[in-house]
Amino acid sequence: MNTLVERFGFLAPDWRDLVEILIVSWVVYRVLLVLAGTRALQMLLGIFAIVALYGAARVLNLSLLEYLLERVFEFGVIAALIVFQPELRSALAQLGQNRILRVFSRLEQTQVAEEVTQAAEEMARGKIGAIIAIEREMGLGEYVETGTPLQARVSDALLLNIFTPYSLLHDGAAVIRGDQIVGAGVILPLTQSPVTDRSLGTRHRAALGLSEETDALVVVVSEETGAISLAQGGTLHRSLTPDQLQLMLGQGTAQLTAPPGTLSAD
């Protein structure tokens with residue numbers, strides 16, 4: 001009986017263990033947000049399975065299996081750093097988006113909002129269709145892979161060039177991460193919810209679809225009417241003025257105001 005108690009004694013945590021559990025849980029949550037929508041998430045699940053197997057081997061005192069897995073872990077750390085290098089770099093870049101450090105990224109967010117708004121206003125004036133997805137907490141890496149990868153600072157001139165009619169990339173979406181355009185010609189998922197308004201085209205349905213699956217802000221400029229819309233959380237805010245759009249993008253949410261023409265895909 002005493003041997004059993006000694007073996008499972010680690011299952012009775014004190015307050016320090018609870019603090020560590022909370023910290024580790026928060027870190028894991030942030031990592032999953034970065035990996036969401038990427039192939040690395042499947043690899044991470046595989047690593048969790050190996051760790052769980054090691055834990056079971058230790059509890060059941062399977063010495064040989066425990067020894068072999070320990071050797072795997074020794075080299076696995078180096079392998080993980082190589083495999084997850086893009087995600088680790090992305091995680092460090094997104095650290096500035098944390099609420100604790102958000103004061104340092106406010107200026108960058110405002111500048112991006114200004115550039116996107118200026119581009120949307122000019123494209124609306126010329127009735128140039130466009131769809132621009134702005135990544136927030138949830139990664140959009142899975143969708144970026146469907147288009148052409150870019151690494152260029154956000155500017156209204158570059159966005160106008162991307163969506164110029166008959167250009168190679170104008171049919172898809174542009175994806176913004178931080179202050180960088182990371183993809184163009186990107187294919188977005190169409191909404192699976194019924195949309196009764198027949199005036200909404202493929203761009204609007206794609207904007208709704210992405211906003212249903214992620215927390216991204218998606219700007220749409222209608223090619224037919226030149227109207228500017230913004231999708232977030234499965235809701236499409238239509239017929240926005242440039243000032244309204246810039247305010248919403250600058251605040252990082254479309255829920256701070258309820259402009260006329262708000263449409264839910266439900």
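Heavy-atom basis, side chains included; hydrogens, waters and symmetry copies ignored. Values in this document were obtained by computation on a predicted structure and should not be read as measured data.
With S167 contributing its side chain and F163 its backbone, the two residues share no donor-acceptor pair below 3.5 Å. At distances below 3.5 Å, not a single donor-acceptor pair connects side-chain atoms of T148 with backbone N or O atoms of G185. Using modelled atom types, no side-chain atom of T146 and backbone atom of E142 make a donor-acceptor pair closer than 3.5 Å. With hydrogens and angles ignored, the 3.5 Å screen pairs no side-chain donor or acceptor of S222 with any backbone N or O of A227.
With sequence neighbours excluded, the residues that form a side chain to side chain contact (heavy atoms under 4.5 Å, CB included) with L62 are A57, L60, L65. Every residue meeting the salt bridge (charged side-chain N to carboxylate O under 4.0 Å, His left out) condition with E223, not counting sequence neighbours, appears here in chain and number order: R203. Scored by the side chain to side chain contact (heavy atoms under 4.5 Å, CB included) test, T202 finds L190 as partners (sequence neighbours excluded). The side chain to side chain contact (heavy atoms under 4.5 Å, CB included) test applied to L68 returns L64, not counting sequence neighbours. With sequence neighbours excluded, the residues that form a side chain to side chain contact (heavy atoms under 4.5 Å, CB included) with L158 are A152, S155, I162, I181.
Between A231 and A207 the shortest heavy-atom distance is CB-O, 3.7 Å. Residues V220 and H204 approach most closely at CG1-NE2, 3.7 Å, considering heavy atoms. Taking each heavy atom of V175 and V186 in turn, the nearest pair found is CG2-CG2, 3.9 Å. Taking every heavy atom of both residues into account, G226 and V221 meet most closely at O-CG1, 4.4 Å.
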Distance-only criterion, 3.5 Å: show the donor-acceptor pairs between side-chain atoms of residues 114-121 and protein atoms not counting sequence neighbours.
from, atom 1, to, atom 2, distance (Å)
E115, OE1, D156, N, 2.8
T117, OG1, A113, O, 2.7

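Looking at I132 and V218, their side chains never come closer than 4.5 Å, going by heavy atoms from C-beta outward. For the pair L160 and M123, the minimum side-chain heavy-atom distance is below 4.5 Å. Using a 4.5 Å heavy-atom threshold, the side chains of E212 and T191 count as touching.
Looking at E213 and Y143, their side chains do bring a donor and an acceptor atom within 3.5 Å of each other.
For the pair R136 and D215, the salt-bridge criterion is not met [side-chain N within less than 4.0 Å of a carboxylate O].
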Item checked: Residues L240, L230; criterion side-chain contact (heavy atoms from CB on, under 4.5 Å); working and verdict -> CA-CA 8 Å; L240 300 178; L230 179 65; 3.7 Å; yes

